[in-house]
Each structure stands twice: as structure tokens, then as C-alpha cells.
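Take a look at the structure set out below.
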There are 2 protein chains.
Amino acid sequence: MQVTSMKKTAPKANPAPPRRSICPVANTLDRVGDKWSLLLVRDMLAGKTTYGQFLESPEGIPTNILADRLKRLEQFGIIARSAYQERPVRYAYTLTTEGRQLQRVLGALADWGLENIAGTKKKLGPGSFVR
Amino acid sequence: MQVTSMKKTAPKANPAPPRRSICPVANTLDRVGDKWSLLLVRDMLAGKTTYGQFLESPEGIPTNILADRLKRLEQFGIIARSAYQERPVRYAYTLTTEGRQLQRVLGALADWGLENIAGTKKKLGPGSFVR
DNA sequence: TGCAAACACTTGTAATATGCAAGTGACTAG
DNA sequence: CTAGTCACTTGCATATTACAAGTGTTTGCA
């Protein structure tokens, strides 16, 4: 099939999603403002790196949501994917520098929950990200 | 009406929604982990109190979502509703002590956005909640 | 050589949430 | 009496989420 013009192949890869406002809070929420994204960041801060490890978390993220969120977070530059072995290829997901800076957000969310929601507990130990 | 046993009439009014885990982050996200709730908290920290004022924010929250979120946040004890005038009755929504403590979360989200998302700006002035 | 199992997903489908437009009721100003 | 405002509610189309099941690649083991 002959291509007579390149009209359809856009010069930009992504058409830049419309932003709700210039507010930094609104823009941050558009990236991680859902029920799952920040839990994945939490898990990565705690040292988890693989798809299987994320599935083990007690909240029980559905597999399709997990795949979607990993893709989104990677597109936003919050996490990076790298193969940690070939044959079979296995991927490790880790936080970028940007992603690691979300630690302050996670810490604030955790503090609020511990103070204001009965029955919440921080799991201390080597894997804990808090402070 | 005779009550032979109290098995069915629960001592609690609400059946307590199932929690995903005891993690303070997950529980906090179950209350405010969506695209709109924290923007309303932001607006209230900035001094807004009425339904109409929330609608004016640049993000453009739909009216049904606004009504729903105000109800939810009130149920969670994050905001309180009070009539500031009778005839016609008009309501003011304000943060509770718990709600005001979300300021740390908002501050962290704003800081992250300002550092990592190009084009975001904090609107300084009398209404700014940052710090 | 065959077979079960693990990993990292993808697909299908139903339930739920969101976004948009329009409508409602109580009042108020002209 | 009419138009307009405020604070919502309702209907409906679309999008997102949750749950279950399936896929392809590879390894361990009999």
C-alpha cells in the first residue's frame, strides 16, 4: 500500500494530554492521584521491584491495573523498567530520581493515616520507607 | 416487638467499609485518593467555603462530582457543613482539625509538582496555602 | 521427551465512577 | 409576575475498575 502523504504520522509522539490547570497539586494528581499508583511507589520505596512482588501486597491490585499503572508511571518518568535477566526476560521496576522524591508525599499520607484512621499501622523493619 | 437476639441489629450504624489493608497510606488513599478530593481540600485551605466557589476553580469540577465529594469528605470527618444563612439556607464547608492536617500532604504534592512538572506554578497571595 | 509450574502479562466482561447537560426548588431583585 | 441566582439532583453516555480466565516463554523435574 502506497503512502501518498505523511499527514497521519505526527511529528510528536504523544499529543500532550490536556491539563486541567497550571496548579502543581492538580498536575501531580493527574499523574499519581488514584487508588493504586502511590501504593506501587510505596512498594518500590520498600524495595520491591518485580510484577510478582507488587501482586503480593495485601491490597491485592488486579493484574490489568498493575500492568497499566506500570506503563503510566514509566511514561511519566516516575519509574524505569529494565531487564534483570534474559531467557526468560524478566523486568525490574525501580523509581527514578523524580519518583524517589515522592517519598515526602508518601510520608505525609502515612502520617495522616496513622494519626487519623483507627487501626492503621506502619510496618517497621528493613523494608519500611517511612523516614 | 420482641427481640430474641441482637444478632442482626448491628451496634454500629454503618457497616464499616471493607479496608484493603491496615496500611496508613492505603487507608488514606481510600478517603482522598482520587482526582478531586484533595483539590477541594486545597480550595478550602485557600479560604473557599461555598459550593459556588468550588465550581469556580480552574479545573472545572462537574457539579455531581462536587456534591458527591462534599458528602464523602463530610462522612469521613474531613470537612464540616454548616448553614451560614437561613432563608434561603446556604451552606459553608470548612475543614475540620483532621482535614486541616492534610495541609502537609498538599504541600508535598505541590512541591513535587513544582519541581518535576514543567509549567506548573504556585499562585501566591493571601489565598495561598503553601507553607 | 513430556508435563506441571512460574512469570509477566493480555483479554473479556460486568460493575462502578466520571463527565456533561439539563432540570428542580427555594428564594430575591426588579 | 418574571427573570435570575444558588445549591443541588437526575439522566445518560463514556471511561475506568475489578474479577476471572487465558497466553506465551521458559525452567525444573520425572
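Naming convention: chains lettered A, B, ... in sequence-line order (proteins, then strands); numbering from 1 in each chain.
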- Message: Tell me the interatomic distance from A:Tyr84, atom OH, to C:dA6, atom C1', rounded to whole angstroms.
- Response: 11 Å
- Separation of atom CD1 in A:Ile61 from atom C1' in D:dT17, rounded to whole Å: 11 Å
- Under 3.5 Å, side chain of B:Gln53 to main-chain N/O of B:Thr49, donor-acceptor pair present? yes
- Message: I need the CG-C1' distance between A:Leu39 and D:dT17, as an integer number of Å.
- Response: 15 Å
- Message: Measuring to OP1 and OP2 of C:dC9, would you say a side-chain N or O of A:Arg81 lies under 4.0 angstrom away?
- Response: yes
- Message: If you assign each of A:Gln85 and A:Gly60 to its closest nucleotide in DNA chain D, which residue comes earlier from the 5' end?
- Response: A:Gly60
- Any side-chain N or O of B:Lys71 under 4.0 Å from OP1/OP2 of D:dT9? yes
- Could you tell me the separation between the CZ atom of B:Arg69 and the C1' atom of D:dT9, rounded to a whole number of Å? 16 Å
- Query: Are A:Val32 and A:Ile22 linked, directly or through other ILVMFWY residues, by side chains that come within less than 4.5 angstrom of each other?
  - Reply: no
- Nearest to side-chain heavy atoms of A:Trp36, which nucleotide of D:dA7, D:dT9, D:dA18: D:dA18
- Task: Could you check whether B:Tyr93 gets within reach of a base, just the sugar-phosphate, or nothing at all, counting any heavy atom under 4.0 Å?
- Result: sugar-phosphate
- Note on the structure: Taken to the nearest whole Å, CD1/A:Ile65 to P/D:dA21 is 18 Å
- Query: Is NZ or CZ of B:Arg20 both nearer than 6.0 Å to the six-membered ring centre of A:Trp36 and within 45° of the ring axis?
  - Reply: yes
- Query: Quick one: B:Phe54 CZ to D:dC6 C1', roughly how many Å, whole number?
  - Reply: 14 Å
- Nearest-Å distance, CG (B:Leu55) to P (C:dA22)? 17 Å
- Query: CZ of A:Arg104: more than 12 outside heavy atoms within 6.0 angstrom?
  - Reply: no
- What is the distance from CG of A:Asp34 to P of D:dA15, rounded to the nearest Å? 18 Å
- Just call it for A:Asn64: base, sugar-phosphate, or nothing, with non-hydrogen atoms closer than 4.0 Å on any strand. base
- Task: For the side chain of A:Pro62, starting at C-beta, report the closest nucleotide among D:dA7, D:dA18, C:dA6.
- Result: D:dA18
- Note on the structure: Winner on side-chain proximity to B:Thr63, out of D:dC8, D:dC6, C:dT10, is D:dC8
- Message: Nearest to the A:Tyr51 side chain among C:dG19, C:dC9, C:dA6, which nucleotide is it?
- Response: C:dC9
- May I ask you to evaluate whether B:Lys35 reaches the phosphate of C:dG19, defined as a side-chain N or O under 4.0 Å from OP1 or OP2? yes
- Query: For A:Tyr91, is the NZ or CZ atom of A:Arg81 found under 6.0 angstrom from the centre of its six-membered ring and inside 45 degrees of the ring axis?
  - Reply: yes
